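I have placed the structure first, in the form of structure tokens, so that the comments after it can refer back to it.
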Amino acid sequence: MRSNPKTNSETVKSTDTVFQVRNANIYYGSFLAVRDVIMDIPRNQITAFIGPSGCGKSTLLRCFNRLNDLIDSFRLEGAISYNGRNLYDSNIDPVEVRRRIGMVFQKANPFPKSIYDNIAFGPRLNRYKGDMDELVERSLRGAALWDEVKDKLRQSGLSLSGGQQQRLCIARAIAVQPEVILMDEPCSALDPISTLRVEDLLHELKQQYTIIIVTHNMQQASRVSDRTAFFNVQLSEKGGRTGYLVEYDNTELIFQSPKEESTREYVSGRFG
């Protein structure tokens, strides 16, 4: 089994790269959760992480905005750079990292506040000096939600449908003006119509943002992403599960002519 994944023959230019991951090993205590990840994440594209449960997709995703720091046993070996700077340098402020790199979770999690205050919450924390009404409208428009909620901005965000709540969370992430949006299975709890609306939205958002999405939905990955990374699981003698990156390439190649047999079997539905 190779330690390093196969990647495409085209090298992403450094100026077009947001994240560079080099020999990343992710530990929880002594447990190696993900090993030997090497990849570049390109700017203004959608990158999908796919693979069976327990392969480390979400674990790696949370490394990009240092959410794993909140777990005491977490430890990273190797390097993850953001715009050329090591994200894990001692002089890097994790709070500032999370402002620049937003997160949308699997389950929509609006604050128990009005729709307006959900959007304004982050900018207020960051002492936004501009026109808040304009920012709220712009963020809701950016999430394709404005026309549906413009007459009920003072109503609770919890009063919206599931699909609307997820788009509200996307608008909330946009409001702090990040460069990157991370999405951890954002459509897993949504109906097919809401899922397609979010997917249409992603195509619009990548004009302004770099997006990384974790998904178990093969069709979704093939529809929305420009590049796809396939992760798999290696079982240890003690029954532990360590994730590793098998293959990372343009999405069309991953789904139509992957280099690795395990990738072919996964995208064709033979396992996972």
Side-chain angles (χ1 to χ4, degrees), residues 43-48 58 61 65 67 95-217 219-221 223-226:
R43 194 179 310 277
N44 294 114
Q45 291 189 23
I46 300 174
T47 300
S58 295
L61 187 77
N65 69 346
L67 272 183
V95 175
E96 177 62 18
V97 168
R98 293 171 199 139
R99 190 197 71 75
R100 294 174 180 268
I101 305 169
M103 185 85 170
V104 176
F105 296 93
Q106 180 175 1
K107 183 178 180 181
N109 59 342
F111 300 142
K113 301 174 181 289
S114 69
I115 294 169
Y116 185 101
D117 286 338
N118 263 272
I119 305 302
F121 183 81
R124 285 170 179 159
L125 279 181
N126 292 319
R127 300 179 182 177
Y128 179 70
K129 303 295 185 182
D131 184 331
M132 189 64 75
D133 290 348
E134 188 276 334
L135 177 64
V136 169
E137 178 177 345
R138 175 158 40 93
S139 301
L140 288 168
R141 286 188 183 278
L145 191 57
W146 172 253
D147 290 338
E148 298 169 46
V149 302
K150 62 184 178 182
D151 296 323
K152 47 185 179 183
L153 295 178
R154 299 301 171 184
Q155 293 184 20
S156 171
L158 299 174
S159 67
L160 300 175
S161 69
Q164 289 175 323
Q165 286 187 22
Q166 193 63 296
R167 282 184 284 142
L168 178 63
C169 292
I170 294 172
R172 190 175 66 196
I174 291 171
V176 295
Q177 302 175 19
E179 180 182 3
V180 179
I181 302 175
L182 309 177
M183 297 186 166
D184 194 354
E185 298 189 62
C187 301
S188 64
L190 302 183
D191 62 83
I193 293 175
S194 296
T195 294
L196 288 175
R197 296 203 67 175
V198 171
E199 290 179 2
D200 289 342
L201 173 59
L202 295 183
H203 287 294
E204 297 175 17
L205 290 176
K206 78 172 183 179
Q207 305 306 315
Q208 300 181 61
Y209 308 98
T210 299
I211 299 171
I212 308 175
I213 180 171
V214 168
T215 179
H216 279 288
N217 186 323
Q219 290 75 26
Q220 180 173 81
R223 285 192 299 259
V224 305
S225 68
D226 301 287

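None of these values were measured; they are calculated from a predicted model. Computation of the quantities below employed the complete heavy-atom set of this structure, encompassing side-chain atoms and omitting hydrogens, waters and symmetry-equivalent molecules.
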Heavy-atom distance under 4.5 Å between the side chains of [X] and [Y], does that happen here?
{"X": "Thr215", "Y": "Cys187", "result": "no"}
{"X": "Val104", "Y": "Leu182", "result": "no"}
{"X": "Leu140", "Y": "Leu168", "result": "yes"}
{"X": "Leu202", "Y": "Ile211", "result": "yes"}
{"X": "Leu61", "Y": "Met183", "result": "no"}
{"X": "Cys169", "Y": "Pro110", "result": "yes"}
{"X": "Leu153", "Y": "Trp146", "result": "yes"}
{"X": "Arg167", "Y": "Leu160", "result": "no"}

With rounding to the nearest 0.5 Å, note down the distance linking [atom1] in [X] to [atom2] in [Y].
{"X": "Leu205", "Y": "Ile174", "atom1": "CG", "atom2": "CD1", "answer": "4.5 Å"}
{"X": "Gln165", "Y": "Asn109", "atom1": "CD", "atom2": "CG", "answer": "9.0 Å"}
{"X": "Asp200", "Y": "Leu196", "atom1": "CG", "atom2": "CG", "answer": "6.5 Å"}
{"X": "Ile46", "Y": "Arg223", "atom1": "CD1", "atom2": "CZ", "answer": "12.0 Å"}

Check ion pair [X]-[Y] (N to O, under 4.0 angstrom):
{"X": "Glu148", "Y": "Arg197", "value": "yes"}
{"X": "Arg100", "Y": "Glu179", "value": "no"}
{"X": "Lys150", "Y": "Glu137", "value": "no"}

Under 3.5 Å, is there a donor-acceptor pair between the Ser58 and Asp184 side chains?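 Yes, side-chain donor-acceptor contact under 3.5 Å.
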[X] side chain to [Y] main-chain N or O, any donor-acceptor pair under 3.5 Å?
{"X": "Asn126", "Y": "Tyr128", "value": "no"}
{"X": "Ser225", "Y": "Thr47", "value": "no"}
{"X": "Gln164", "Y": "Ser161", "value": "yes"}
{"X": "Ser139", "Y": "Leu135", "value": "yes"}
{"X": "Gln166", "Y": "Phe105", "value": "yes"}

Please identify each residue that fulfils ring pair (Phe, Tyr, Trp, His ring centres under 6.0 Å) with Phe121, with sequence neighbours left out. Phe111
Taking all non-hydrogen atoms of both residues, which atom of [X] and which atom of [Y] are closest, and how far apart?
{"X": "Pro178", "Y": "Gly102", "answer": "CB-N, 4.0 Å"}
{"X": "Ser188", "Y": "Gln106", "answer": "OG-CG, 3.0 Å"}
{"X": "Ile115", "Y": "Lys152", "answer": "CD1-O, 3.4 Å"}

Residues in salt bridge (Lys or Arg N to Asp or Glu O under 4.0 Å) with [X], at least two apart?
{"X": "Asp226", "value": "Lys206"}
{"X": "Arg172", "value": "none"}
{"X": "Glu185", "value": "none"}
{"X": "Glu204", "value": "none"}

Qualifying salt bridge (charged side-chain N to carboxylate O under 4.0 Å, His left out) pairs with a residue from residues 112-130, counting only residues at least two apart or across chains: Asp117-Arg124
Would you check, one step at a time, whether the test side chain to side chain contact (heavy atoms under 4.5 Å, CB included) holds for Glu199 with Gln220? CA-CA 8 Å; Glu199 290 179 2; Gln220 180 173 81; 3.0 Å; yes
